[in-house]
Novice: 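Here it is, the structure, as structure tokens.
By convention in this document, chain letters (A, B, ...) are assigned in the order of the sequence lines, proteins followed by strands, and residues within each chain are numbered from 1. Worth knowing before you read on, the calculation uses all heavy atoms, side chains too, and leaves out hydrogens, waters and symmetry mates.
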Amino acid sequence: MNLPAVLSIYKFEMLRFFRTILQSFISPVVSTSLYFVVFGAAIGSRIDQVEGVSYGAFIVPGLVMLSVMTQAISNASFAIYFPKFIGTIYELLSAPVNFLEIVLGYVGAAATKALFIGVVILGTSALFVDLEVQHPGAMLAFLVLTCVSFALLGFIIGIWAKSFEQLQLVPLLIVTPLVFLGGSFYSISMLPPAWQTVAYFNPVVYLVSGFRWSFFGIADVPIAVSLAAIAGFTAICMIAIWWIFKTGWRIRS
Amino acid sequence: MPMVDIRDVRKQYDDGFEALKGVSLAIEEGEILALLGPNGAGKTTLISAICGITRITGGSIAVGGHDVIADYRAARRLVGLVPQEINLEPFQKVADAVRFSRGLFGKRGDEALVERILRRLSLWDKRDSKVIELSGGMKRRVLIAKALAHEPRVLFLDEPTAGVDVELRRDMWETVRELQRDGVTIILTTHYIEEAEAMADRVGVINKGEILLVEDKASLMARMGQKELTVDLVDPIETLPEALSDYDLRLTGDGTQIVYSYDTRAERTGIGRLMGMLAQSGCNVRDVHTAQNSLEDIFVGLVGDQKKEAAA
Ligand SMILES: Nc1ncnc2c1ncn2[C@@H]1O[C@H](COP(=O)(O)OP(=O)(O)O)[C@@H](O)[C@H]1O
Ligand SMILES: [Mg+2]
């Protein structure tokens with residue numbers, strides 16, 4: 001294991017984050033507050049409670065998930081796309097590192113940043129609503145797993161992308177809709193039956209459901225299924241990255 | 001055992017283009033080898049193949065006895081690469097860039113070493129500057145500093161002085177010689193013959209993905225020491241005069257030109273005696289001129305032969 005390499009990559013990526021730490025802190029605070037003003041006040045005044053939980057509190061897990069997923073993807077995809085774009089990837093390719101070390105460095109940093117933002121959103125939310133966390137261990141596990149798995153997905157997108165447009169296309173056209181339709185702001189049981197069936201094909205549903213369960217003990221799908229889904233998703237991403245480095249797809253000519 | 005052992009290496013790019021057509025080359029420990037070749041010859045492709053940036057489609061490469069694919073970690077630890085393009089993180093500080101490279105190659109931090117490298121490359125004053133604030137020449141030095149950060153045994157410099165001013169070029173040559181004194185094996189590519197002459201112990205000529213020649217610079221220089229004296233005659237002659245039989249002469253231009261090859265560094269070139277004997281033999285000399293074989297001539301000759309072969 002080339003530990004110094006992992007640490008070098010991780011440190012380099014985190015340095016970029018710390019340079020803009022204020023921005024990284026303020027923007028989720030502001031956006032979360034806006035969500036509470038819009039959803040909590042406007043919609044929440046009509047929907048009183050969802051499955052026994054106040055609407056304001058009900059949307060917190062979804063809100064955290066939404067940000068964490070998009071942040072993990074954009075951080076990781078940019079982190080590996082940029083060296084490709086400016087040509088510094090030559091150093092990574094010529095260094096005595098294997099795919100696991102590269103992934104640990106880049107994905108580790110992207111996941112850390114996403115986790116930071118997730119925690120900031122949770123903290124901000126606690127200012128607006130009463131938050132109870134019934135299963136803190138599970139909550140942390142879901143949060144970390146989501147950060148990691150979506151950072152892995154972002155890493156793949158960054159390697160796949162050949163332009164900045166493509167880099168933004170996948171998150172915009174696929175991930176954001178999946179997250180919004182994934183029950184972040186409502187319970188799947190509130191959908192018409194046909195749409196409920198469709199929803200179960202959306203992997204985000206399982207994450208949000210599991211995460212929400214760790215807060216309120218209520219879930220759209222069994223908790224074990226949620227865990228299996230996220231573990232499976234992480235494994236698929238890892239296998240894809242292993243294959244990418246084995247074949248040199250889009251990185252080694 | 002050669003430090004870098006390249007055996008029948010082929011590289012075909014995805015578009016079907018064959019950039020390396022069976023290259024074999026053994027680079028000895030501690031030497032400076034210049035790879036000389038025109039643009040598109042395959043120099044960068046060869047270096048990329050050795051460093052693991054490009055996958056080869058045939059043959060094998062070993063560095064320090066380690067296969068660059070099967071035993072890539074051990075091979076890559078020995079190798080430093082200064083790429084042709086200035087590829088640097090724009091907002092990274094100079095010293096951080098060097099530290100990053102060292103870590104990436106698996107070495108623990110060593111501030112004293114970082115300082116030594118930065119001082120050697122006259123970058124110490126710029127250690128806290130961001131890369132983007134540096135001039136082009138300074139950026140190139142940063143690339144070298146990064147390549148040296150993990151104390152490589154073999155250093156590849158891909159056209160290190162392309163587009164670099166004279167002063168920096170001299171500096172760079174000096175640095176390369178110092179590194180050689182430390183025992184580092186150095187391979188540099190260039191399309192400047194002057195550079196190969198100034199720097200190398202051996203010169204390899206590459207064109208169209210093939211190595212045309214690898215030779216000690218000294219013997220190349222000896223070949224370059226050869227000069228040709230051409231004597232234009234007023235009246236054409238059928239055969240060379242008997243009296244000149246101990247000279248190595250050629251009769252050309254339908255008998256109007258006598259060509260004499262001689263070594264400029266020999267004690268006596270024999271030119272004076274030749275001219276005297278020509279006069280005695282009754283040959284009227286109209287004009288004389290001389291031409292020198294430069295590395296350039298040798299190079300152009302080699303590349304020209306290859307073209308003729310391709311056409312045939
Ligand atoms: N990624 C690539 N795909 C296809 N052809 C390439 C690629 N990279 C280089 N080439 C071709 O391979 C040949 C050798 O290129 P290169 O090794 O860069 O030459 P040099 O460094 O000697 O100028 C050139 O004809 C170039 O166009
Ligand atoms: Mg080149």
Novice: Inspect the surroundings of NZ in A/Lys11 and state if more than 12 heavy atoms from other residues, nucleotides or ligands are less than 6.0 Å away.
Specialist: no
Novice: Look only at the side chain of A/Arg252 and the backbone of B/Thr54, and say whether a donor-acceptor pair between them is shorter than 3.5 Å.
Specialist: no
Novice: Does the side chain to side chain contact (heavy atoms under 4.5 Å, CB included) test come out yes or no for B/Gln92 and A/Leu15, once each step is laid out?
Specialist: CA-CA 9 Å; B/Gln92 203 170 27; A/Leu15 221 66; over 6 Å; no
Novice: Do other residues, nucleotides or ligands put more than 12 heavy atoms under 6.0 Å from the CG atom of B/Asp14?
Specialist: no
Novice: With a cut-off of 6.0 Å (strictly less than), are more than 12 heavy atoms of other residues, nucleotides or ligands near CZ of A/Phe164?
Specialist: yes
Novice: Go through it in stages, so that I can follow the logic: the residues are B/Phe91 and A/Arg19, the test is side chain to side chain contact (heavy atoms under 4.5 Å, CB included), and I'd like the CA-CA distance, side-chain angles, deciding distance and then a yes or no.
Specialist: CA-CA 11 Å; B/Phe91 299 107; A/Arg19 269 202 298 269; 4.2 Å; yes
Novice: Of the listed residues (A/Pro83, A/Pro96, A/Gly248, A/Gly105), which shares the most heavy-atom pairs with chain B below a 4.5 Å separation?
Specialist: A/Pro96
Novice: So which bits of residues 99-113 of chain B come within less than 4.5 Å of chain A, counting non-hydrogen atoms only?
Specialist: B/Arg99, B/Phe100, B/Ser101, B/Gly103, B/Leu104, B/Phe105, B/Gly106, B/Lys107, B/Arg108
Novice: Quick one: pull up CG in A/Leu93 and CZ in B/Arg55 and give me the separation to the nearest 0.5 Å.
Specialist: 10.0 Å
Novice: Under a 4.5 Å heavy-atom cut-off, does chain B meet the side chain of A/Ile86, its backbone, both or neither?
Specialist: both
Novice: What's the separation between atom CD1 in B/Ile47 and atom OG in A/Ser94, rounded to the nearest 0.5 Å?
Specialist: 11.5 Å
Novice: Chain A heavy atoms under 4.5 Å from B/Glu89: which part of the residue, side chain, backbone, both or neither?
Specialist: both
Novice: Applying a heavy-atom distance below 4.5 Å, give me the residues of residues 130-154 of chain B that approach chain A, sorted by number.
Specialist: B/Leu143, B/Lys146
Novice: What's the separation between atom CD1 in B/Ile53 and atom CD1 in A/Ile251, rounded to the nearest 0.5 Å?
Specialist: 12.0 Å
Novice: At a 4.5 Å cut-off on heavy atoms, which part of A/Phe12 comes close to chain B: side chain, backbone, both, or neither?
Specialist: side chain
Novice: Crowded around B/Tyr72 OH? As in, over 12 foreign heavy atoms under 6.0 Å?
Specialist: yes
Novice: Hey, could you give me the OH/OG distance between A/Tyr90 and B/Ser48, rounded to the nearest 0.5 Å?
Specialist: 11.5 Å
Novice: Report the C-alpha distance between A/Glu91 and B/Leu81 in whole Å, list the side-chain angles of each, state the deciding distance to 0.1 Å, and finish with yes or no for side chain to side chain contact (heavy atoms under 4.5 Å, CB included).
Specialist: CA-CA 8 Å; A/Glu91 203 177 17; B/Leu81 167 64; over 6 Å; no
